[in-house]
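What follows is a single structure, written as structure tokens, with notes after it.
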Amino acid sequence: MKKTHLLLLLSLLLFSACRKDVDDLVITTEEDPPIVLIRSSIRGKVIDEDGSPLGNVEVQVGNEMLLSDNDGNFKFEQVEVKKSGTIVKANANGFFSGSTHSYFTADGSSYVEIRLMKKGAPKIVQSNDGGTIITSDGLEITFPPKVITYENGSDYSGPIEVYSRWLDPTDPEVAGVMPGALIATDENGVPLALATYGMAVIELETPGGTKLEVSEGETLDLKMPIPADLQNDAPAEIPLWYFDLEEEEWLLSSKCQKDGSYYIGKITSTGFWNCDVALPAICLSGQVFSSDSSYACYLKVIVEDLTDNFIYWGYTDSVGFFCGAVPQAAPLRIYIKDLCDSIIYTADIGPFSQDFELDDIYLDETVQTFLLNITGSVMHCLSNDVPIGHVAISYPGKISIFPFQGGGYNIDLALKCVQFPNLNITAYSRSQPNSTITVNHNDTTDLDMGLLATCEDLDDYFNLTVDGMNYWTAPTRYFLKNNTTSDWMVLEGLSGGGKFILDLRDYQGVGTYNSNVFFQTQNDFSGQFYPLLNTASPDINLEITEDNGTFIIGNFSGTAPNGSGGTYDLIGDFKIKKAP
């Protein structure tokens, strides 16, 4: 079992020993060490947790700001940045703030991917009374009475909307949603790589959306689960860090104390907090080429520490260069994946006692960029009107959702893969629980799907009724949490406006469940399509009626807080696709 403590390889601990030469613009000698500024370009993409692109998102580098396009892409041309790397930030309504770290080469444009997490429905705490909130993923935050203020420091008295998430350290994608990169320095300025045992993000608002903060000198109690795979190795006490956007790295705050299967610590502000072990680090770098000697750019580079199976990853830049921190003196294994999730290179390397640049890596195959335009239009089956809906495009390891209005869609799809994958393309109407036929496409030619009607019964679905109002989602997705256990299962219904999430912590097959069941809805940032729900057993009861290896079928009922002191009545049923 791999313990995927993840460090963002691409952007960690960037020394001159692991970078190309650049032309310095400014050297500020008053600082110790000096801050070296250069001009460089940064391109990237903003996506949600499902990998779907997010358009019209505010992206910022230093004092420069722009909006991502409809496909989530952005590019900064020749902006002034720190030579050692800089933070790229993204903000969108309904999502936690996101950021990542970018580095620079003289002859290449760096590439970053910012994955934003949906905030979901808030938990409510009264400022004057305090209280404890518990999220569906097991995170607990305790508020003493009267410790919350407005951002300007003035007292706040009233309901607090608490938005929070636990980031599972064994999740292979945690490095994609955490801020910056897991880097720090000790008291002597020596670089450190952080191995996380759990991370949390918290944002506080008034019901009107005004930001709130923890009063100066006050603390909140934070209790984070330790995944079962890490509990035996988890130290009794490890450092607690917080991410500082000005310093652009994790800074030491206090300690996390182990209490059974949890780490407990005290936090002094909103933002990202992290229980981490600090490891001596070296900078590993290299350059990757395709078999035709062209630059293998924007590929995923994964480095596994074979001592304890910790994993570190990032991306090559526009000239195939990568650079980042890995544990010192550890045997390592490097993998390179294309963006269709195929492993195209692997080698055992190390251990290394100091910064090291690998020999040029030549892949056996050529990674190609496939640009594909998919167009079409949709009409309802039994009427002539054109719907609002979404197109779902699935290929190995991926389901991308593209909303459309007015019945027509025009999708530009970019795939960077060794081989073109087989695409399955289906369109859905928001107002009717039907779909078009699924079109299979396995070549690089542009595809005009023509006019299709929503005449097909749904093969899989997730339906929900809230106080008598009906909602539905399709397609669906099934996965085991972190792919590490057989009893922690997540079922999701997807759509162009959000998704439904059913989380079963102790799945035992067909039967009735009245504990360890969590349910929530999430909306897309561009509009509210579903009531924001966040509830758990015993307020909901679940029945799994069939699990045949292809589909998981069941239903549930119960209540959820409505945000106004009352509750919604919920009824749901689903047929979730488990296997192709």
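Side-chain atoms are counted along with the backbone in the values below, which use heavy atoms only and exclude waters and symmetry mates.
Geometric assessment of K119 against the ring of Y163 yields a positive cation-pi assignment under the 6.0 Å and 45° thresholds.
Taking the six-membered ring for Trp, Y513 and F556 have ring centres at least 6.0 Å apart.
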What's the verdict on side chain to side chain donor-acceptor pair (under 3.5 Å) for E113 and T100, showing C-alpha distance, side-chain angles and the deciding distance? CA-CA 8 Å; E113 188 175 83; T100 192; over 6 Å; no
Do Y530 and F500 pass the ring pair (Phe, Tyr, Trp, His ring centres under 6.0 Å) test, and can you show the C-alpha distance, the side-chain angles, and the key distance before you say yes or no? CA-CA 9 Å; Y530 309 119; F500 304 157; 4.8 Å; yes
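Within a 6.0 Å radius of CG in D443, more than 12 heavy atoms belonging to other residues, nucleotides or ligands are found. Surrounding CG of N70 are at most 12 heavy atoms belonging to other residues, nucleotides or ligands under 6.0 Å away.
Between the side chains of N463 and N470, no donor N or O sits under 3.5 Å from an acceptor N or O. Defined by atom type and a distance below 3.5 Å, a donor-acceptor pair is present between the side-chain atoms of Q508 and D506.
Two residues are said to be in side-chain contact when any heavy atoms from C-beta on lie closer than 4.5 Å; T438 and N440 meet this criterion.
Salt bridge status for R165 with E49: present, with a side-chain N to carboxylate O gap under 4.0 Å. Ionic pairing of K211 and E151 is not present here: no N-O contact between side-chain nitrogen and carboxylate oxygen is shorter than 4.0 angstrom.
Taking each heavy atom of Y478 and L491 in turn, the nearest pair found is CD1-CD2, 3.9 Å. Considering every non-hydrogen atom in both F76 and V59, the closest pair reads CZ-O, 3.5 Å.
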